[in-house]
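Here's the structure we're looking at; comments come further down.
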Amino acid sequence: MVKMPIVVLISGGGTNLQAIIDAAASGELPVTIEAVVSDKPNAYGLERAQKAGIKTLTLEYKGFESREAYDVALQQLIEAQSPQLVVLAGFMRILSAPFVEHFLGRMINIHPSLLPKHRGLNTHQRAIDAGDGEAGCTVHFVVPEIDAGPMIIQARVPIHDGDSSDELAARVLKQEHQIFTRAIDWFANSRLRLVDGDAQLDGKNIEI
Ligand code: GAR
């Protein structure tokens, strides 16, 4: 089977990265992770990649004079790996429009909320504070507007009385690992595309 080259961007613990590594290693996911890129040198996800024998690259913001300058360097670093898909797996930087436009249709993100609810940070606490009965996660194509791209797949979990945001985050994270690998599998099998601003699976608009 032909494997699709991908690059995974992280900033932290990398449990989503681990799910992708495991699914690729078992043959379930037809991708080759060309490199894992982090903006944080101490991200634990870098160790996960190294343990799996995957190339790691770190590009810190320190030393760049603007977001745009950083993003130009990041784009070059990614393109040097020749990926067909860029996967944002807990990459916690806001991306400039030219960077996003460059990778439009070949960059996906996972967000820990039921978008369009709770864009941005602290999603679990905000879902609890809002009295939501359920929470979840969303995989979407990345567009310049933050957490607003065409949605690909969502998973839902209940919010229980007395849940802490950590408890809820752990429940959501388990689902993230499932839906992220599924979305990557669709893309790697050429089933998932961004067409005129719509996410399509097998040629049909995805309705969420
Ligand atoms: C995940 O919950 C992911 O959805 C979130 O960061 C966490 C990374 O966990 N991403 C965002 O909030 C993006 N705005 P991980 O490093 O264990 O995969």
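Note that the coordinates shown come from a computational prediction; the quantities given were computed from them, not determined experimentally. Both counts, for ligands and for their atoms, begin at 1 and track the order of listing.
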Considering heavy atoms of the protein only, find what lies nearest to atom 1 (C) of ligand 1 and give residue, atom and distance to 0.1 Å. Glu176 OE1, 3.1 Å
Could you tell me whether ligand 1 has any atom less than 4.0 Å away from a heavy atom of Met92? yes
Under 4.0 Å from any heavy atom of Gly13, which atoms of ligand 1 are there? 16 (O)
Is it the case that the side chains of Asp147 and His118 hold a donor-acceptor pair, with the cut-off being a distance below 3.5 Å and no angle test? no
Tell me: protein heavy atom nearest atom 12 (O) of ligand 1, and distance? Pro112 CD, 3.4 Å
Students should be able to answer this: which protein heavy-atom is nearest to atom 16 (O) of ligand 1, and at what distance? Gly14 N, 2.7 Å
Write out the residue and atom name of the closest protein heavy atom to atom 17 (O) of ligand 1, then the distance separating them to 0.1 Å. Thr15 OG1, 2.6 Å
Consider only side-chain N and O atoms of Gln75 and Asp71, and report whether a donor and an acceptor are under 3.5 Å apart. no
Among side-chain atoms of Thr138 and Gln154, is any donor-acceptor pair under 3.5 angstrom? yes
For atom 14 (N) of ligand 1, the closest protein heavy atom turns out to be His111 ND1, 3.8 Å
Should Asn109 be counted as touching ligand 1, given the test is an N or O pair under 3.5 Å? no
Should the pair Arg93 and Tyr70 be classed as cation-pi, given the thresholds of under 6.0 Å to the six-membered ring centre and 45° from the axis? yes
For ligand 1, which part of Leu88 has a heavy atom less than 4.0 Å away: the side chain, the backbone, both, or neither? neither
Check ligand 1 against Gly90 and write out every atom of the ligand that is under 4.0 Å from a heavy-atom position of the residue. 6 (O), 8 (C), 10 (N)
Look up atom CZ in Arg171 and atom CG in Asp166, then write down how far apart they are to the nearest 0.5 Å. 11.5 Å
Only pairs under 3.5 Å count here: list side-chain donor-acceptor contacts from residues 52-61, not counting sequence neighbours, and write none if there are none.
unit_1, atom_1, unit_2, atom_2, d
Lys55, NZ, Gln81, OE1, 2.7
Thr56, OG1, Gln50, NE2, 3.1

What protein heavy atom sits nearest atom 10 (N) of ligand 1, and how far off is it? Ile110 O, 3.6 Å
Before you tell me yes or no, could you show the steps for Glu79 and His102 under side chain to side chain donor-acceptor pair (under 3.5 Å), namely the whole-Å CA-CA distance, both residues' side-chain angles and the distance that decides it to 0.1 Å? CA-CA 10 Å; Glu79 284 296 16; His102 178 82; 2.6 Å; yes
Pair His177, Thr15: side-chain N/O donor-acceptor within cut-off below 3.5 Å: yes
